[in-house]
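All chains are named by letter (A, B, ...) in the order of the sequence lines, taking the proteins before the strands, and each is independently numbered beginning at 1.
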Amino acid sequence: MQPTAARFLNILVPIKRCVDYAVKIRVNPQQTGIDTNVKHSMNPFDEIAVEEAVRLRERLKDKVKSITVVTLGPAKAAETLRTALAMGADSGIHIELPESAPPPEPLGVARVLRAVIERRKKMATEEGSGTGGGTTDLVIMGKQAIDDDLGQTGQMLAALLGASQATCASKLDVDVDKRVAHVRTEIDGGAEELVCTLPAVITTDLRYVEQPRYASLPNIMKAKKKPIEKLTPTDLGVDVTPMLETIKVTEPPKRVGGSKVGNVDELVKKLKESGVVAVA
Amino acid sequence: MYVCIYAYACQTACQTIVSFPNPLGFQLLYPLMSSTRQRVLALYKELHRLGRDYPDHNYDFNGRMRRMFEKNRTLTDPAEIEQALRFGEYIKNETLALYSLRKYRHLKQRYDPPNRDS
């Protein structure tokens, strides 16, 4: 992918509507998946990504031309988009899937995101640079979703786009004039400082110091006026049917209970084996 | 929580409020234009929305909040009203801090647990 030439940033933030972090997961009666009739909310890593995009705009001010959030999911995923718009994004794209469709796989999602990015670039060259299009300079997303914990979409998207990538990022700074991003990423045993040329795909880690902002009611009201574009995967020419078929989902086996001991000596021996230390 | 709820009462019975003799009569005569009323209503709506996500289901956040608002419906002194609104804002910030801390702790425990050998 050619390096972007304009002196402004267009940021794309893909988000996902997942089962809420506080919900106790249960397997559904058909044993084909988990019970999805529970509270859903935005993936916490994606909240951090939206927050980072908004903070980047607060730091760089006019150099950030647009922050677009995009999600792939059923009709209810639009609520998650509204939350992101209330946090500070400018516009949203909702790629709608039917309710009964199986959840898409990371490669499918990455292909859809690539199609979205190419579509925006095409729209910009066709109608001159309006607010609807433009080259995407930065993609910021969560490193993994808390429902499937796959952590693959960001990397796959970077590979499909031929863009630079920095995963598990905990600090992000963009030098718009030089068209680079300075990223600190978390690795085993420490951190790594990377310099990525734009366009780049950044996936956010948990270790951001700042917490995502709360979408207050006035902001949610204001967000209702922000535009959300509705598309389908067929509009973008992408097939999102999963390549894997889930045969069965079961809970892990229940914990086995304790054992009985014959006398005190045996009890003391078992206690010592399990590491219980006597307090004098 | 000392918050004036005469604004809420206005929604239900405007006429009775207007006829009540009061040093702040001008505010009561035009309840719809009062900025205090708007602030109180905005605070109530915000707290109600927050209360829906309260983690402990045995604690009736919205019920208690509603009763606290209703207890203060007859406040008239502007200083007391201000104090009550400030207290409401404080409760809102505390609740937000509770939610974000709880979420952060949960995620940290799951995705970045402290090392056991260090």
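- The contact between Lys103(B) and chain A is made by backbone and side chain atoms together, counting heavy-atom distances below 4.5 Å.
- Within the 4.5 angstrom heavy-atom criterion, atoms from both the backbone and the side chain of Ile146(A) approach chain B.
- The CG atom of Leu217(A) lies 10.5 Å from the CG atom of Leu47(B); values are rounded to the nearest 0.5 Å.
- A 6.0 Å sphere centred on CG of Asn37(A) holds no more than 12 heavy atoms belonging to other residues, nucleotides or ligands.
- Using a 4.5 Å heavy-atom cutoff, the side chains of Pro44(A) and His106(B) are not in contact.
- Interface remark: Asp20(A) contributes no atoms to any contact with chain B (heavy atom separation under 4.5 Å).
- Looking at Gln144(A), the atoms closer than 4.5 Å to chain B (heavy atoms on both sides) all sit in the side chain, from C-beta outward.
- Counting non-hydrogen atoms of neighbouring residues, nucleotides and ligands closer than 6.0 angstrom, the NZ atom of Lys272(A) reaches no more than 12 such neighbours.
- Atom CZ in Arg102(B) sits 4.5 Å away from atom OH in Tyr21(A) (nearest 0.5 Å).
- The OG atom of Ser216(A) lies 10.0 Å from the CZ atom of Arg49(B); values are rounded to the nearest 0.5 Å.
- Separation of atoms OG (Ser100(B)) and CD (Glu47(A)) is listed at 10.5 Å; rounding is to 0.5 Å.
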Handout entry: Derivation and outcome, side-chain contact (heavy atoms from CB on, under 4.5 Å), residues Lys39(A) and Asp53(B)
Key = CA-CA 10 Å; Lys39(A) 179 167 185 226; Asp53(B) 301 326; 3.4 Å; yes
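- Only the side chain of Arg110(B) comes within contact range of chain A, with heavy atoms under 4.5 Å apart.
- Phe45(A) contributes atom CZ, which lies 6.0 Å from atom CG of Leu107(B) (distance to the nearest 0.5 angstrom).
- The environment of NZ in Lys269(A) is sparse: at most 12 heavy-atom neighbours from other residues, nucleotides or ligands sit within 6.0 Å.
- With hydrogens and angles left out, the side-chain atoms of Tyr111(B) and Asp205(A) include no donor and acceptor closer than 3.5 Å.
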